[in-house]
Amino acid sequence: MSDRVKIFLLLLPAMSVIVLLFFGGLAIGLMRSFNYMPVIGLTEPNFDAYFSIFTDEEFYLSFLLSFHISFTSTVLSCILAVGAALLLRRAFIGRAIINFLFQLNLTVPHLVGAIGILYLFSQSGVFARLAAEADLIQRPADFPALVFDPFAIGIILQYVWKEVPFIGVIVLANMQALGDNYESVARSLGASKWQSFRHVLLPLIFPGLLSASVIVFAFTFGAYEIPALLGQNYPAALPVLAYRKYTDVDLAARPEAMALAIVIALLSVIMLFFYIRYSRKRVRS
Amino acid sequence: MRYFSKLAVLAATAAMLPFSAMADTADGDALNAMEWDEIVELARGGEVNWFMWGGSDTINQYVSEYIGGILEEEYDITLNRVGVTDTASVVNIVLGEREAGNMDNGTVDMIWINGENFRTMMQGDLVYCGYPDVLPNNALINWDNPAIANDFGVPVNGCEVPWNTAQFAFAYNTALYDAPPTTIPALLEWIEANPGQFTYPAPPDFNGSVFVRHVFYHAAGGVENLLGEFDQERYDAAAEATWQILNDIEPYLWREGQTYPASIAALQQLYANQEVGIVFNYEPANVGVNIENGTFPPTTQGYAMADGTIGNTNYTLIPFNSPNKAAALVLQNVLLSVQAQLEKLQPEVWGTQPGIDISRLDDATRAMFEAVERHPNVVPAQDLADTALPELQASWISAIEQGWIDNVGSN
């Protein structure tokens, strides 16, 4: 058996799962989004569901909100993660413990984190009560709205909390693999600290940083549970909107839910394409 | 020796054949033609997956421990309670199974359901029907009562059986307010006079949707104009006034109406934290339960509206493709039993009103129902009964919920 055939056969189990389940599900979703759902008497495919989505103002507001959530939280997480990795790669007392604490919340589920945010930051949460207790505000309800707020602060806070260690671990592993020889050379040739970071280290860790941030961006754009728990009810993030349509009591709203899910997937792919292209260009220049 | 082992395998297979044939109780038509004793025998040793709203610890406990205990001891049936936040998601499970061609081996054996989702189930042809006459405790149900025979205006036609009756009620904190507003117009004034002290969950949350219907009834000049089939003209007239009212009070709501709580649980949390001063629930006994478990201040008092509150019956339903229909029938029969309905009425258990007609019971049993004392802070049943308003047909409700999102929630 030639190596090529072997590789093909070895990949087959994994690929068949991906192809069958992913593309199978996608095909059924597509069919339904075209208003084809024989079980409830829809047998003539058309584009009605897409028309009704694209003529709805809430869709555009939801898109802006979802984009804001995933873009802002990805950028903040990247900056904080690189900063943390730069510090953590140095030797200092208690580094092992700090390193452990830094990675600890990788194991905490998103949902648990979201409940934590609710308890801490909501207007009846711990910080609101402490502030009222300390007479900074008159009563807990006067605490600024950080959860269920129009700027999605609570949601972004939750994602940053969760994604900083994720990106940080990848970047740190990257830095440790590189060692500091390249930077030492740059410094000995007269580069400042900032110059050696900007022109030597950053381009070297960039591929790892980029792929980690792509994962984070795509994940947050399509995630349902955090915006559902911590978000305002209008406009809702796109996945929340899709789920609301999916559980509408009128079965006729199911095609719209499917169309919305397809649109979310397409938008993620398009945005990731431009994101990767643009960031590669920026680093090369 | 080999011969014997083969024989043993054969014998074992033969012994299991009738057993597996018996365990399969997916065929509803066959069950409907059977005697009750036969059905109970078929159900014995099986299990039943009951999907229900899981947001209340006391209800969950009643179902898992009390009802589950009876099934286990008397019928050797295992009850799996599956808690969900939204019954519509269970409808999606059954719908997906039908689409996939799973006609007799579904995951859902029973659903706790209300009119909106009942209509959806009927629309998708997902319901097992025609069995109530088989249940011995069907004799306790008053099918002549239109509020029982119709679920949100949709005729039940033997496709589900009642479990509880419930009626919307408000509650306020007696320590903070002398007298609560007891009509919708008075409530609207109260909201303006007490900025930030009121809000309601955003429809399609079930309880928020009921509150919006109350305002809708008020704007329509009474529910009489809204009964019957959905009518666009009558809807438009009342809807415009309703959105006007709800948008006018928005600046006086919690968070100036910029956002609304997403669920009744979130509203209860706001009330418990004294962020808002009035709370409501479709289950009036909920006030007593929340005082007892320390969530609500003990000075909370439930009350009825002088111009009436919406009431309805909720039901249990068996999907068409339940593989354990016999066990589900036994479960339904247990739920309707005098014993289970009486236990459920206890204020510390749940306090919800029976789905059976207690006037059909003998005097001694009826006296036991009448002797159950309500929690002192729960609105008296008589106050509510005097002013019960009917639910609208499900098509009205979807229109009102969507209208709220488009006209009020999106501002």
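Remember, predicted model here, so these are calculated numbers, not experimental data.
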Exercise for the section: Find the one option among B/Gln123, B/Arg119, B/Gln258, B/Gln274 whose heavy-atom pairs under 4.5 Å with chain A are most numerous. Expected result: B/Gln123

Handout entry: Residue, of B/Arg98, B/Glu401, B/Glu275, that accumulates the most heavy atom pairs under 4.5 Å with chain A
Key = B/Glu275

Practice task
Under 4.5 Å, counting heavy-atom pairs only, tell me which of A/Arg129, A/Glu58, A/Gln123, A/Arg254 racks up the most with chain B.
Solution key: A/Gln123

Exercise for the section: Using a cut-off of 6.0 Å, state whether more than 12 heavy atoms not belonging to A/Tyr60 lie near its atom OH. Expected result: yes

Handout entry: Members of residues 228-244 of chain A whose heavy atoms come closer than 4.5 Å to chain B
Key = A/Gln232, A/Asn233, A/Tyr234, A/Tyr243, A/Arg244

Handout entry: Neighbour count >12 (heavy atoms, 6.0 Å) for atom CD, B/Glu192
Key = yes

Handout entry: Trace of the side-chain contact (heavy atoms from CB on, under 4.5 Å) decision for A/Leu118 with B/Gln269
Key = CA-CA 12 Å; A/Leu118 264 184; B/Gln269 201 62 47; over 6 Å; no

Handout entry: A/Thr247 side, atom OG1; B/Asn117 side, atom CG - distance, nearest 0.5 Å
Key = 9.0 Å

Completion exercise
For B/Cys159, the disulfide (SG to SG under 2.5 Å) test, sequence neighbours excluded, returns B/Cys129

Completion exercise
Greatest number of non-hydrogen atom pairs under 4.5 angstrom with chain A, of B/Thr87, B/Thr259, B/Asp125, falls to B/Thr259

Practice task
Answer yes or no: are there more than 12 heavy-atom neighbours, outside A/Phe47 itself, under 6.0 Å from its atom CZ?
Solution key: no

Handout entry: Any donor-acceptor N/O pair, B/Arg255 side chain to A/Phe148 backbone, under 3.5 Å
Key = yes

Fill in the blank from the handout: When rounded to the nearest 0.5 Å, the distance separating CG of A/Leu251 from CE of B/Met122 is 12.5 Å

Practice task
Please indicate whether A/Phe71 has more than 12 foreign heavy atoms, meaning atoms of other residues, nucleotides or ligands, lying under 6.0 Å from its CZ.
Solution key: no

Problem - Atom CD of A/Glu57: over 12 foreign heavy atoms under 6.0 Å - result: no

